[in-house]
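All remarks here apply to the structure that follows.
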Amino acid sequence: MDDLLRVLNPDQRAAVTAPDGPVLVVAGAGSGKTRVLTTRIAWLLDRGVHPGAVLAFTFTNKAAKEMRGRVDTQVGAGRAPFWIGTFHATCLKLLRADGAALGLNPRFAIYDTDDQKRLLKQVMAAEKIDPKQFPVNVVRTVISRWKNDDTTPEAAAEKAIAHVDEVHATLYAAYERALTRCGALDFDDLILRAVHLLERHDEVRARYAGRFQHVLVDEFQDTNSLQMLLIKALASEHGNLFAVGDDDQSIYGWRGARVENMLEFDQYFPGAHTFRLEQNYRSTGNILAAANAVIANNRRRKGKNLWTESGVGDPLTIEEFLDGDDEAARIVEIVRAECAAGHTRGDVTVLYRTNAQSRLVEDALRRAQIAHQVVGSVQFYERKEVRDTLAYLKLVANPADEISLLRIINVPKRRLGETTVERFLEAAAYADLPPGEFSARTDLLEPAVGLAAAGRLRAFFDLVARWRTEAGTGALSVPELLARIVKDIDYPGWLHTDDPESAESRLENVAELVNAAHAFHEGSDGGTLAQFLEQIALVADADTIQDGEGAVRLMTIHTAKGLEFPVVILAGCEDELLPHVTSSETEAGVEEERRLFYVALTRARQRAYLLHAARRRRFGAHEDCLPSRFLGEIPDPVCTRRELNRGWQPPIAQTLFGSAPRPAPTWVTPSNSPARMLGPRPKPTRPVRQTSEWHDDVAQAAPFYPGQHVSHSSFGSGVVLRVEGVGDDLVVTVDFRDAGHKHIIPRFAPLVGLD
DNA sequence: GATCGATGATTTTTT
DNA sequence: ATCATCGATC
């Protein structure tokens, strides 16, 4: 243990060895926050605290896993495990164990955002509320906010002033009834119900609060009021709360996070000890100076100054591009340069504000044949085929789950159309029976939907009942059940009928899900179906990040929180994007965006590239963009800036003939850029060089043309499909006889024309 | 009840 | 520009 403490700096050591009682550790970016948390746990265990008496909250499952691993290496594995997980996973554990006290359906399903929206649509249709007047997304957000404030539907109705509030409150109440009927909880419910469980059932609260002598919370700045209630309840017996966070990294205000939980820690937990960690072990001096300078512009913060003993390092690179395509081409270039300079592709991470930005970068990397992984976005579990397959499993696990039922009752086609299903569900609700049971009541079913449809419905529910029996008796494991379902419904056949184009790749995704089920089965020593579904419901984007050196990673800044990378490329540093247009109205909004920018900067260990474009496509149309105001807050000595030269344009005629490549953009280094960029600048009025023609020129001048027969050293022979200029490169899409479609860059991979 | 084509919204960030 | 939803038609 002494060894563990010796490697800490005095501040870290003081925090780790803090006496019992409430403790707040204000930990700047890269200040060894995770190390402090893990060492604190190790220190507690070393001092004789029983592992079962320790409860720790992390932001992602991945962080939980890593932290457990690190504690294990510190104190040796093989002890009784301590509790560590996300708020949602931990609350789920409480509810599975003691939810009966709240009268919860013991088989309750977890509804994610998509399920919520579908259910809400149903509810609105039933309540005859026009979704045009009350957008589903808005209603969903309003309800979520109420839940996070611990506001009941009744309280919401009482507080309603305007008509919209009344409608929202009505929908909230109806939505809650629908959730109950479906035997489901949404994400917010997991925490809300856990809080209710502890607040309304004192014997349950006393049991858990008595058991957990030490509660530790990571990323405390991003807890909301509900989570605060939970923490308070769990720490109510012993009062030992160890909270770690950074107010400058609070980036979840939009989903109810309250920095106040941290800023007013003293009031919530009187007598708290506060420790501050300001020495940064992650980034170079220049990166840190830039981050410090930017965040200093925020008014609502406690204020701290990170410092480092490591050298200044390279200056940050700030570059302007014509559009998103040019920016993406430059990212390819940076990756190549960094790899040539000794980094691996896995050392480079591209960050951006919105998921939509990943597309261009992804395309550019794919064309350049650079391995990459997009974290989040349209991730695996959101694909239609995966969701459909999962819906079958969910329906097997929970017969009441109407949303899953609706998803798949006619997929593949069973001649059960909208009208039939509607009549059926209505009649079932009227009879107050779950769909499956109602379908067995021939006397009720046939008059409701007619003889023919009744037969088809019964056939479907017989199938589900069979799966349920087999899964329930343990005759089939989760992966076996999944494979059985896919086979029984001939899902491959259906995918092919539905869309032959994509059938193969969609089938691969289904196969991938079966693989995941196998992995789960082996990893969890034969876990139940419910456990499998829970695990899937609660995976976060960040949990899917693969370790390794092979691939450039692309993710949103939000997803990157808590991570670090040698090289960070921050794309789209433009006003209206970062800060985002929807947050630019209020000071609080801009300050949260500035924290987001700060988080992005402080992810970088060695090098940071901040890129922005002069125009970007939005809804298909080009829009002029100004550089982000945050770029102007970076002091000049720590960065180099290159802006587009908006003066003289090279004559187009020069490149019409011959094989002149697209000219590299010409840059100017502004001499007075920081001063000039501080305030809002007028929109650029001078004409900006058009590039679309240049792309075409490259194609025309190229030695390759569509239809041409070509040969490649490793892919063999094929036919050219498309020739296009991308950035400074020529990209030839070839249909190889053996290798299929590939994007080839002749500059790197020799491609020989055969005719 | 299914299929095709037109229309309109969509992009902020996530457990 | 792309995707989901809606309406008309078979």
Side-chain angles (χ1 to χ4, degrees), chain A residues 57-64 85-92 110-114 116-118 121 131-132 135-137 140-141 144 147-148 185-192 219 222-224 226-227 250-257 324 351-360 375-379 381-382 384 410-422 449-450 452-453 456 497-499 534 536-544 555-561 572 576-584 589 592-593 595-597 599-600 616-623:
Chain A
F57 290 107
T58 57
F59 208 68
T60 64
N61 297 300
K62 189 166 184 261
T86 62
F87 277 99
H88 289 89
T90 303
C91 287
L92 177 60
I110 300 166
Y111 276 4
D112 65 15
T113 309
D114 185 72
Q116 271 183 68
K117 277 201 257 185
R118 284 164 179 262
K121 270 184 207 162
K132 291 238 167 62
V136 179
N137 255 328
R140 199 191 63 78
T141 311
S144 174
K147 289 193 176 187
N148 279 303
L185 298 186
D186 64 25
F187 278 138
D188 299 322
D189 281 334
L190 291 179
I191 298 174
L192 181 63
E219 308 282 9
D222 279 324
T223 51
N224 63 26
L226 216 45
Q227 291 164 337
S250 156
I251 54 174
Y252 283 94
W254 52 273
R255 79 174 194 206
L351 300 180
Y352 36 76
R353 175 68 232 269
T354 66
N355 279 307
Q357 289 170 258
S358 73
R359 183 81 149 264
L360 287 178
V375 183
S377 173
V378 255
Q379 84 260 47
Y381 291 111
E382 273 173 28
K384 200 180 288 170
N410 205 26
V411 177
K413 295 261 181 292
R414 298 188 176 92
R415 300 184 47 75
L416 294 169
E418 226 176 299
T419 347
T420 306
V421 174
E422 204 175 299
V449 299
R456 295 195 288 266
T497 320
D498 187 45
D499 178 19
E534 281 166 12
I536 285 172
L538 296 181
V539 288
D541 288 344
D543 297 333
T544 65
M555 66 187 89
T556 64
I557 305 172
H558 283 92
T559 305
K561 188 176 80 154
E576 309 228 311
L577 197 52
L578 181 59
H580 196 270
V581 61
T582 50
S583 313
S584 301
E592 178 151 320
E593 297 285 311
R595 290 193 291 270
L596 207 44
F597 188 81
V599 167
R616 200 172 281 278
R617 282 181 105 93
R618 245 178 94 77
F619 299 132
H622 286 290
E623 277 184 19

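Worth knowing before you read on, the calculation uses all heavy atoms, side chains too, and leaves out hydrogens, waters and symmetry mates. By convention in this document, chain letters (A, B, ...) are assigned in the order of the sequence lines, proteins followed by strands, and residues within each chain are numbered from 1.
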Which atoms form the tightest heavy-atom contact between Ala63(A) and Thr58(A), and what is the distance?
CB-CB, 4.0 Å
What is the nucleic acid contact for Lys121(A), judged by heavy atoms within less than 4.0 Å: base, sugar-phosphate only, or nothing?
sugar-phosphate
Indicate the ring-plane relationship of Phe59(A) and Tyr252(A), choosing parallel, tilted or perpendicular according to the 30° and 60° boundaries.
tilted
Length of the line joining Met555(A):CE and dT15(B):P, which is rounded to integer Å
13 Å
Would you call Tyr352(A) and Thr556(A) a side-chain contact if the rule is heavy atoms closer than 4.5 Å?
yes
For the CD atom of Glu593(A) and the CG atom of Leu577(A), what is their distance to the nearest 0.5 Å?
9.0 Å
Tell me: NE2 of His558(A) to P of dT14(B), nearest whole Å?
7 Å
Should Thr559(A) be listed as having a side-chain N or O under 4.0 Å from OP1 or OP2 of dT14(B)?
yes
Looking only at the side chain of Glu593(A) (C-beta and beyond, no hydrogens), which of the listed nucleotides dT12(B), dT14(B), dT11(B) gets closest?
dT12(B)
Is it true that the side chains of Gln116(A) and Thr113(A) contain a donor and an acceptor less than 3.5 Å apart?
no
Closest approach to the side chain of Thr113(A), judged atom by atom: which nucleotide of dA2(B), dT15(B), dT13(B) is it?
dT15(B)
For dT12(B), does OP1 or OP2 lie under 4.0 Å from any side-chain N or O of His580(A)?
yes
Quantified in whole Å, what is the C1' atom distance between nucleotide dT13(B) and nucleotide dA4(C)?
22 Å
Whole-Å gap separating P (dT15(B)) and CD (Glu534(A)):
17 Å
Check whether any side-chain nitrogen or oxygen of Asn355(A) sits under 4.0 Å from OP1 or OP2 of dT14(B), and answer yes or no.
yes
Tyr252(A) stacking on dT13(B): centroids under 5.5 Å, ring planes under 30°?
no
Do the side-chain N or O atoms of Lys132(A) get closer than 4.0 angstrom to the phosphate oxygens (OP1, OP2) of dA9(B)?
no
Side chain of Trp254(A) only, heavy atoms from C-beta on: which candidate in dT5(C), dT14(B), dT15(B) is closest?
dT14(B)
Taking the minimum atom-to-atom distance to the side chain of Arg353(A), which one of dT14(B), dT11(B), dT12(B) wins?
dT12(B)
Quickly work out the Lys413(A) NZ to dC4(B) P distance and round it to whole Å.
11 Å
Rounded to the nearest Å, what distance is computed from the CZ atom of residue Arg359(A) to the C1' atom of nucleotide dT10(B)?
13 Å
Against the side chain of Lys384(A), the closest entry in dT12(B), dT15(B), dA4(C) is dA4(C)
Under 4.0 Å between a side-chain N or O of Asn224(A) and OP1 or OP2 of dT15(B)?
no
Look at the side-chain N and O atoms of Thr419(A) and state whether any lies under 4.0 Å from the OP1 or OP2 oxygen of dG1(B).
yes
Pick out which of Ile191(A), Leu226(A), Leu190(A) makes a side chain to side chain contact (heavy atoms under 4.5 Å, CB included) with Phe87(A).
Ile191(A)
Considering only heavy side-chain atoms of Thr354(A), the closest of dT12(B), dA2(B), dT14(B) is dT12(B)
With respect to the side chain of Arg617(A), which nucleotide from dT11(B), dT3(B), dA1(C) is positioned closest?
dA1(C)
Categorize Arg255(A) for me: base, sugar-phosphate, or nothing, with a 4.0 angstrom heavy-atom threshold over every strand shown.
base
Nearest-Å distance for atom pair CZ/C1', residues Phe187(A) and dT13(B):
15 Å
To the nearest Å, how far apart are Leu351(A) CG and dT12(B) C1'?
15 Å
Please give, in whole Å, the distance from dA2(B) C1' to Glu418(A) CD?
11 Å
May I ask you to say what Asn410(A) touches in the nucleic acid, namely base, sugar-phosphate or nothing, with a heavy-atom cut-off under 4.0 Å?
sugar-phosphate
Looking at the side chain of His88(A), which of dT15(B), dT5(C), dT14(B) is the nearest nucleotide?
dT15(B)
